[in-house]
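In what follows, chains carry the letters A, B, and so on, assigned in the order in which the sequence lines appear, proteins first and then strands, with residues in each chain numbered from 1. As a basis for the values below, the full set of heavy atoms in this structure was taken, side chains included, without hydrogen atoms, waters or symmetry mates.
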Amino acid sequence: MAQLDDLMATRLGRRVSRRTVLRGGALAGASIAAFGLLAACGGDDDDEPTATTAPAATATTGGGAEATATTGGSGGEATATSGSSPEPTATTAAPAPTATTAAGGDVEMGGELIYALGNRFDTLDPTITTFSDVIRIAHHIFDPLVWQPTPGEFIPGLATVWEVAETADQYTFTLRDDVTFHDGSPLTADAIKFTYDRIIDPDTKSQVAFSALGPYSGTEVPDPQTAIVSFSRPYAPFLNSVSSTILAPLPPAVVEELGFDFGIQPVGTGPFMFDSYQTDTQVRLVKNPNYTWGPGFLNHQGPAYLDAITWRIIPEGATRLAALQSGEIHMMQNVPTQDVATVENDSKLEIINAVLPGSGWSMMNNVTRAPNDDLNVRKALQYGVDKEGLIQVVWQGLYKVSTSPLTSVTFAFDPSTADIYTYDPEMAGQLLDEAGWTLNGNVREKDGQPLVMGLYYRSDNPDFVALATYLQAQYAEIGIQIELNGLAQAGYFDAVRAGEHNLQFWWGPATDPDGVFRVFFHSSNADGGTNRNRYKSAEMDALIDEAAGTTDVERRRELYVELQHKALEEAIMVFFSEPSEMYAYQKDTVMDPYVTWAATVPLFHNTWLKS
Amino acid sequence: MTRFLQQRLALAIPTILLTSVVVFLMLHLIPGDPASIYVGENQATPERLEAIREQMGLNRPLYVQYADYVWSAVRGDLGRSLQNDQPVTKIIRERLPNTFKLAAAAMVIAVILGVALGLLAALKHNTWLDTLSMSVALLGVSMPIFWLALLLILFFSVRLQWLPATSQPGLKGLILPAVSLAMLSAATLARLVRSSVLEVLRQDYLTTARAKGLPGRTVILRHAVRNALIPVITVIGLQFGSLLSGAVITETIFARPGLGKLVVDSIQNKDFPTVQGAILILATIYIVMNLLVVLSYALIDPRIRLG
């Protein structure tokens with residue numbers, strides 16, 4: 001209890017400084033009003049992602065009144081900062097306190113949380129990794145410049161204030177002056193310049209962070225707390241990019257000393273410090289006792305409650321679940337859909353089913369390859385698939401149907417897209433007839449050629465295999481013969497980059513629509529890049545670029561709605577389902593787990609273990 | 001004996017070199033570009049792919065890459081992984097103890113179980129014990145490892161909560177993986193021991209031994225089993241080698257990072273240096289195991305002289 005009193009004392013002390021910082025942010029409210037509005041847009045519908053993804057966003061801590069005051073205070077201020085409607089903040093806080101606090105009671109300090117991941121990864125350097133699991137860990141070792149508690153709502157992180165140029169090609173960040181890296185060195189704006197310059201250096205081999213930096217052209221550091229980041233063209237998604245630790249500032253001196261070994265012993269500013277890493281086995285982090293700069297949407301900003309977190313890598317889903325059931329681990333991710341019922345029936349376990357923003361499970365048409373170059377054929381593929389049935393077969397009915405390039409929890413998602421294509425095999429048949437493909441026996445023909453499409457996918461992914469098999473049977477019903485080409489990843493990448501496919505699958509979570517439309521449809525990604533539709537249209541490019549350069553939120557939303565309809569009219573891709581990230585945890589032990597709306601990141605800063 | 005050892009060791013060098021050439025060429029023959037895999041589904045222009053290829057050193061002619069690899073390997077440097085930039089020697093050093101412990105534990109279980117079942121079946125030939133032992137062996141041969149492993153986890157970890165489901169330091173974490181890995185070898189050994197012992201039991205010298213009035217126990221242990229062991233030892237040696245490299249499924253299910261899983265993961269990612277390094281080590285272990293097997297013949301059967 002003495003420990004807890006200490007904690008409360010330090011927290012009260014820190015609350016003041018936190019408020020001061022937030023007030024600083026509020027002054028800059030005008031300059032970022034655009035993004036504040038975005039917050040209101042993102043959070044105004046019933047599908048508010050936080051509601052589903054964060055069962056314990058802000059639980060009350062031991063201090064009762066004090067703690068609530070802190071939460072309310074920072075929450076309110078944060079809303080003022082971003083100049084948005086109070087709605088998002090209200091939603092963030094709403095689902096949490098009652099459930100967990102009632103069950104949880106007083107916060108217990110200490111303990112080690114054991115969390116299981118499903119896959120091995122490359123490096124713990126968030127600016128180099130290509131694995132989202134690393135970002136989950138990195139959110140504890142590092143801090144982002146800004147936080148995004150709900151889609152489009154930005155609140156201070158390492159930066160207290162940020163200013164976006166009207167032209168969206170220059171961002172000025174003012175950093176907190178009290179932040180230190182785990183090695184004791186202070187955080188300065190040089191770290192931002194160093195980190196970003198390093199990301200674009202080809203020797204760094206950065207992929208995800210490199211994409212997130214977009215048309216980066218350079219950073220200026222007029223004084224130690226100010227970084228001016230510039231772009232060669234308007235880049236409105238940047239604030240979204242820096243709300244993830246993939247662009248977290250790294251300590252320059254440490255990185256220079258360690259080189260690539262920074263990836264096995266990272267040093268950041270986050271609430272947990274790196275302790276040990278056994279490749280492909282586990283990563284252990286310990287509490288950073290000096291941490292005082294936690295995000296405003298959590299109920300405390302000081303040091304984490306947990307002493308340590310161990311992230312174990314357990315590749316086999318059944319084993320992961322068994323380890324959870326037997327109490328070896330506290331929480332796991334990637335619950336296989338076939339095991340969801342088992343978890344739901346286990347009274348000791350709780351499941352979090354969080355729809356991912358961005359884009360769902362989908363299929364790309366190679367529009368440069370016959371017969372998929374024909375719009376009517378592509379439309380037939382849209383009408384010819386029973387998505388409900390597909391989701392039942394492949395994912396035990398647990399996912400939602402997808403009707404747009406964006407999932408329903410993404411900014412600018414247009415619900416009216418649901419009416420564009422419904423399951424209608426007769427219509428599909430008519431369209432194929434119009435295109436000149438007529439039935440001869442079971443397979444359609446044109447000029448003596450059968451209607452065959454090569455579907456390419458990675459055979460090491462069971463979801464892809466099940467999808468492919470289902471589609472083969474479905475499309476056979478309308479006279480299309482699907483040729484299955486399940487390949488190992490090496491052969492797969494070679495084939496689809498070269499454009500040998502008629503069809504190929506995609507799965508693309510993202511937090512900003514630009515990360516969907518540019519990746520799928522922009523001509524700059526069409527030749528061997530991610531736009532394996534190989535779709536090129538000046539009109540589409542112009543729309544995507546305009547949206548990326550628009551800071552006006554309503555205008556930006558309109559552009560993305562237009563883009564959704566354009567992509568569907570051209571029937572470039574078939575969208576099947578909205579994927580979820582499934583987490584399971586021991587509900588009597590793990591208190592206040594928090595999963596961000598982006599659903600790829602659990603935050604354990606606020607989490608504690610009940611004995 | 002010394003001469004024999006020298007000869008065998010000298011022969012090992014070309015074997016290892018040949019293995020490295022074959023592995024090197026095969027990896028380059030499999031379709032797929034490591035840079036392309038590294039980039040994955042991320043946005044990358046052809047120029048950027050080229051830059052990554054350059055950085056990985058994949059733009060040089062094959063013979064240059066190979067010569068460079070051999071020259072470094074001779075100096076004890078197996079290169080760095082293309083996936084995580086870690087030295088391959090370090091990656092292997094981390095995994096080798098895991099793999100050895102698992103293989104050794106599995107081998108011990110397999111030998112005890114296999115020899116016991118085999119002997120029982122042979123000595124109680126054509127009785128219900130024989131049938132039972134061989135049925136158990138048949139089950140062991142035909143039961144897929146992943147299924148057995150999951151059953152063991154469900155029963156001992158989830159239901160009884162006696163043993164951990166995933167590998168943890170210490171003996172407790174080793175039991176389930178070792179048992180599931182051992183079953184196939186145990187079953188193979190049981191069948192081999194049975195037929196080998198049955199064959200020896202029919203030999204004239206055993207009749208002689210019995211005729212001399214030696215007690216049954218001595219006849220069996222000193223004369224029959226010892227002679228029946230030669231083929232069994234050969235198989236044990238080979239099995240140990242394959243347990244080292246072939247524990248992929250066990251390693252995956254029990255979340256044990258070992259050499260087998262490393263090789264498979266690295267082949268999928270076309271991580272040339274790691275695959276080459278791991279296979280080099282495995283090939284060396286195989287050669288050493290074979291040598292030990294041959295040497296052990298001389299110990300068991302005085303008629304065999306090495307030289």
Side-chain angles (χ1 to χ4, degrees), chain A residues 116 120-124 128 130-131 202-208 210-211 259-261 263-264 278-282 312-316 318-329 460 487-495 497 506-508 515 518-519 522 524-525 527-531, chain B residues 30-52 54-56 80-86 90-91 94-95 98 146 149-150 153-154 156-161 163-168 249 251-257 261-262 265 267-270:
Chain A
R120 71 201 286 263
F121 45 78
D122 45 6
T123 163
L124 285 166
I128 294 184
T130 53
F131 289 79
D203 279 352
T204 311
K205 293 192 295 181
S206 168
Q207 300 308 320
V208 182
F210 178 78
S211 303
F260 279 114
D261 282 353
I264 52 168
Q278 288 160 268
T279 325
D280 299 353
T281 314
Q282 63 176 43
R312 296 194 53 198
I313 299 164
I314 306 180
E316 174 59 38
T319 314
R320 221 159 42 240
L321 184 57
L324 185 72
Q325 288 178 311
S326 68
E328 270 172 75
I329 57 172
D460 55 353
L487 301 172
Q489 63 170 345
Y492 165 77
F493 282 132
D494 281 359
R497 285 220 167 91
W506 194 269
W507 183 79
R518 185 171 303 277
V519 169
H522 200 281
S524 64
N525 284 321
D527 298 305
T530 50
N531 173 358
Chain B
I30 309 171
D33 164 17
S36 166
I37 294 168
Y38 185 84
V39 169
E41 302 286 22
N42 293 294
Q43 300 178 59
T45 56
E47 297 82 56
R48 203 168 159 76
L49 267 177
E50 194 54 35
I52 288 171
E54 181 79 41
Q55 209 270 348
M56 289 177 160
R80 292 177 91 92
S81 157
L82 298 184
Q83 284 295 302
N84 58 21
D85 269 301
Q86 290 305 305
K90 174 175 170 282
I91 298 176
E94 279 177 357
R95 283 174 173 70
N98 279 332
F146 69 87
L150 288 177
I153 289 178
L154 280 180
F156 290 103
S157 305
V158 178
R159 180 65 57 87
L160 298 176
Q161 309 218 342
L163 296 166
T166 57
S167 290
Q168 279 162 9
I249 297 168
E251 285 170 356
T252 307
I253 292 186
F254 292 98
R256 273 186 86 86
K261 186 151 186 332
L262 178 72
D265 286 343
I267 289 175
Q268 277 175 358
N269 289 318
K270 294 208 82 182

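For the options B/Leu154, B/Asn98, B/Ile253, heavy-atom pairs under 4.5 Å to chain A are most numerous at B/Ile253. By number of non-hydrogen pairs under 4.5 angstrom with chain A, the leading residue of B/Ile91, B/Asp265, B/Leu160 is B/Asp265. Ranking A/Thr123, A/Ile128, A/Leu487, A/Ile264 against chain B, the residue ahead of the rest is A/Ile264, based on heavy-atom pairs under 4.5 Å. Ranked by heavy-atom pairs under 4.5 Å with chain B, the first of A/Ala322, A/Gly491, A/Gly263, A/Gly327 is A/Ala322.
The side-chain hydrogen bond (donor to acceptor under 3.5 Å, both in side chains) check on A/Thr281 picks up nothing, with sequence neighbours excluded.
For the atom pair OH (A/Tyr492) and CG (A/Asp494), the distance works out to 11.5 Å, reported to the nearest 0.5 Å. Note that the CZ atom of B/Phe254 and the CD1 atom of B/Ile153 stand 4.5 Å from one another [nearest 0.5 Å]. Atom CD of residue A/Glu316 and atom OG1 of residue B/Thr166 lie 12.5 Å apart, to the nearest 0.5 angstrom.
Heavy atoms of B/Leu150 lying under 4.5 Å from chain A belong exclusively to its side chain. With a threshold of 4.5 angstrom between heavy atoms, B/Arg159 does not approach chain A through any atom at all. In this structure, chain A has no heavy atom under 4.5 Å from any part of B/Ile267. Neither the backbone nor the side chain of A/Ala488 comes within contact range of chain B; no heavy atoms are under 4.5 Å apart. With a threshold of 4.5 angstrom between heavy atoms, A/Arg320 does not approach chain B through any atom at all. Both the backbone and the side chain of A/Ile314 come within contact range of chain B, with heavy atoms under 4.5 Å apart. The part of B/Arg80 that comes within reach of chain A is its side chain, from C-beta onward, which places non-hydrogen atoms under 4.5 angstrom from that chain.
Between the side chains of A/Thr130 and A/Asp122, at least one donor N or O lies within less than 3.5 Å of an accepting N or O. Between B/Gln86 and A/Thr279, the side chains place no donor N or O within less than 3.5 Å of an acceptor N or O (distance only, hydrogens not considered).
With A/Asn531 contributing its side chain and A/Ser524 its backbone, the two residues share no donor-acceptor pair below 3.5 Å.
Classification of A/Asp280 and B/Arg95 as a salt-bridged pair holds, one side-chain N sitting under 4.0 Å from a carboxylate O.
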